[in-house]
Amino acid sequence: MPKSILREIADVVHQHGAYMSTGGWAEHLLAKGPSSFKHYVDECRDIGFDTLELHADHLNMQEDDLLRLVRLIKREGLNVKPQFDVKLGEASSIGELQKEIDTMIGRAERFLASGADMIMFDADGITKGVDEWRTDFIARMIGRLGLDKIMFEADELETAQYFVNRYGSGVNLFIDHSQARDLKNLRTAAGGGGQKYIWGQKRVPF
């Protein structure tokens, strides 16, 4: 897309009090070398992007190098949203599982301490591709890091319904744009008197 069109989109986004985030593209630029990545960050800033997504688990890099990327992006005036994959399937005991969860929490804390603004978690391993939803993981993450520092992927309707009904209207969710109206209804219901909204069954005007 022409840069002029992207700048127009960014203007509309900002006029409506929202922010504009890149998708998972940083890993492609990193394959071309540090200078290409720095140019990408500069272009994102100049076009009007506010947040740069960094899919930490798709990058074949040491964690210290990833943290340096976070700091570089922050120096250029952009927010950073690292995305994590959740892999908790190899633990053979409750103790080992707890250790894996604590390890991932510690990793998220290091990214936040280095300047990351929010951590996004894929649905895979939490509410997707598992026999039972990992509600224990969700609760522990929110308890340690806080609602304002975490975003959960909620690509299924019932997933978004669970998060909002359980954690309220302030929970950060990554959804498809086609679900925006229903999510707005969910948030309105959660913040207005405790009446729960059942997706597709009860509409709350806004």
Side-chain angles (χ1 to χ4, degrees), residues 1-2 5-29 40 44 47-59 78-88 104 108 116-135 137-139 141-142 145-192 195-206:
M1 296 176 67
I5 298 298
L6 288 173
R7 290 190 179 101
E8 288 181 14
I9 294 172
D11 288 343
V12 172
V13 168
H14 296 151
Q15 287 166 13
H16 288 81
Y19 71 88
M20 192 159 79
S21 174
T22 67
W25 192 250
E27 48 265 35
H28 299 287
L29 273 297
Y40 166 68
C44 287
I47 285 170
F49 282 96
D50 305 281
T51 299
L52 197 147
E53 188 176 298
L54 198 62
H55 202 147
D57 291 314
H58 282 192
L59 300 171
L78 290 168
N79 292 332
V80 192
K81 183 174 66 179
Q83 182 175 350
F84 286 3
D85 294 330
V86 180
K87 300 182 178 74
L88 300 173
M104 185 165 289
D117 298 273
M118 184 174 294
I119 306 294
M120 187 165 82
F121 292 101
D122 268 350
D124 290 328
I126 302 179
T127 59
K128 189 176 180 180
V130 291
D131 294 332
E132 294 184 9
W133 286 4
R134 300 310 311 269
T135 55
F137 173 84
I138 295 168
M141 276 290 177
I142 290 175
L145 303 177
L147 274 177
D148 61 326
K149 294 296 184 182
I150 306 177
M151 177 179 286
F152 292 100
E153 183 183 17
D155 55 352
E156 300 292 338
L157 305 183
E158 61 268 26
T159 308
Q161 184 173 308
Y162 164 78
F163 276 111
V164 175
N165 286 341
R166 176 66 179 83
Y167 292 104
S169 59
V171 64
N172 294 301
L173 300 177
F174 180 84
I175 62 167
D176 185 79
H177 69 277
S178 64
Q179 300 167 358
R181 182 180 177 86
D182 276 315
L183 180 58
K184 175 64 176 179
N185 282 327
L186 277 170
R187 294 192 190 281
T188 301
Q195 186 180 34
K196 291 187 177 180
Y197 171 83
I198 306 301
W199 206 293
Q201 296 181 25
K202 183 175 181 60
R203 298 285 173 178
V204 179
F206 63 93

Side chain proximity check, Phe163 to Leu186, heavy atoms < 4.5 angstrom: no
If I take atom CG from residue Asp85 and atom CE from residue Met120, how far apart are they, to the nearest 0.5 angstrom? 9.5 Å
Assess the residue pair Ile150 and Phe84 against the criterion (side chain to side chain contact (heavy atoms under 4.5 Å, CB included)); give the C-alpha distance rounded to whole Å, side-chain angles, the decisive distance to 0.1 Å, and a yes or no. CA-CA 11 Å; Ile150 306 177; Phe84 286 3; over 6 Å; no
Pair Met1, Ile9 - check side chain to side chain contact (heavy atoms under 4.5 Å, CB included), show working. CA-CA 11 Å; Met1 296 176 67; Ile9 294 172; 3.7 Å; yes
Heavy-atom distance under 4.5 Å between the side chains of Leu183 and Leu173, does that happen here? yes
Donor-acceptor contact below 3.5 Å, side chain Asp122 vs main chain Asp124: no
Pairwise distance CG(Asp117) to CE(Met151) - rounded to 0.5 angstrom: 11.0 Å
So, does Asn172 use its side chain to make a donor-acceptor pair with the main chain of Leu147 at under 3.5 Å? yes
To the nearest 0.5 Å, what is the distance between OH (Tyr162) and CZ (Phe152)? 9.0 Å
More than 12 heavy atoms of other groups within 6.0 Å of Phe174 CZ: no
Does any non-hydrogen side-chain atom of Val171 lie less than 4.5 Å from one of Arg187? yes
Which label fits Phe137 and Phe121: parallel for a plane angle under 30°, tilted from 30 to 60°, or perpendicular past 60°? perpendicular
Find out whether Gln161 and Asp182 are in side-chain contact, i.e. whether some heavy atom of one side chain is under 4.5 Å from a heavy atom of the other. no
State whether the side chain of Arg7 and the backbone N or O of Pro2 hold a donor-acceptor pair below 3.5 Å, judged by distance alone. no
Residue pair Tyr40, Leu52: steps toward the side chain to side chain contact (heavy atoms under 4.5 Å, CB included) verdict: CA-CA 10 Å; Tyr40 166 68; Leu52 197 147; 3.6 Å; yes
Below 3.5 Å, can you tabulate the donor-acceptor pairs from side chains in residues 12-20 to any protein atom, sequence neighbours excluded?
residue : atom : partner : partner atom : Å
His14   : ND1  : Ala10   : O            : 3.1
His14   : NE2  : Gly48   : O            : 3.4
His14   : NE2  : Asp50   : OD1          : 3.1
His14   : NE2  : Asp50   : OD2          : 2.7
His16   : ND1  : Val12   : O            : 2.9

Checking Thr22 side chain against Glu53 main chain: does a donor-acceptor pair fall under 3.5 Å? yes
Given the rule in the side chain to side chain contact (heavy atoms under 4.5 Å, CB included) test, do Arg134 and Ile138 qualify, once you have shown the distances and angles that lead to the verdict? CA-CA 7 Å; Arg134 300 310 311 269; Ile138 295 168; 5.6 Å; no
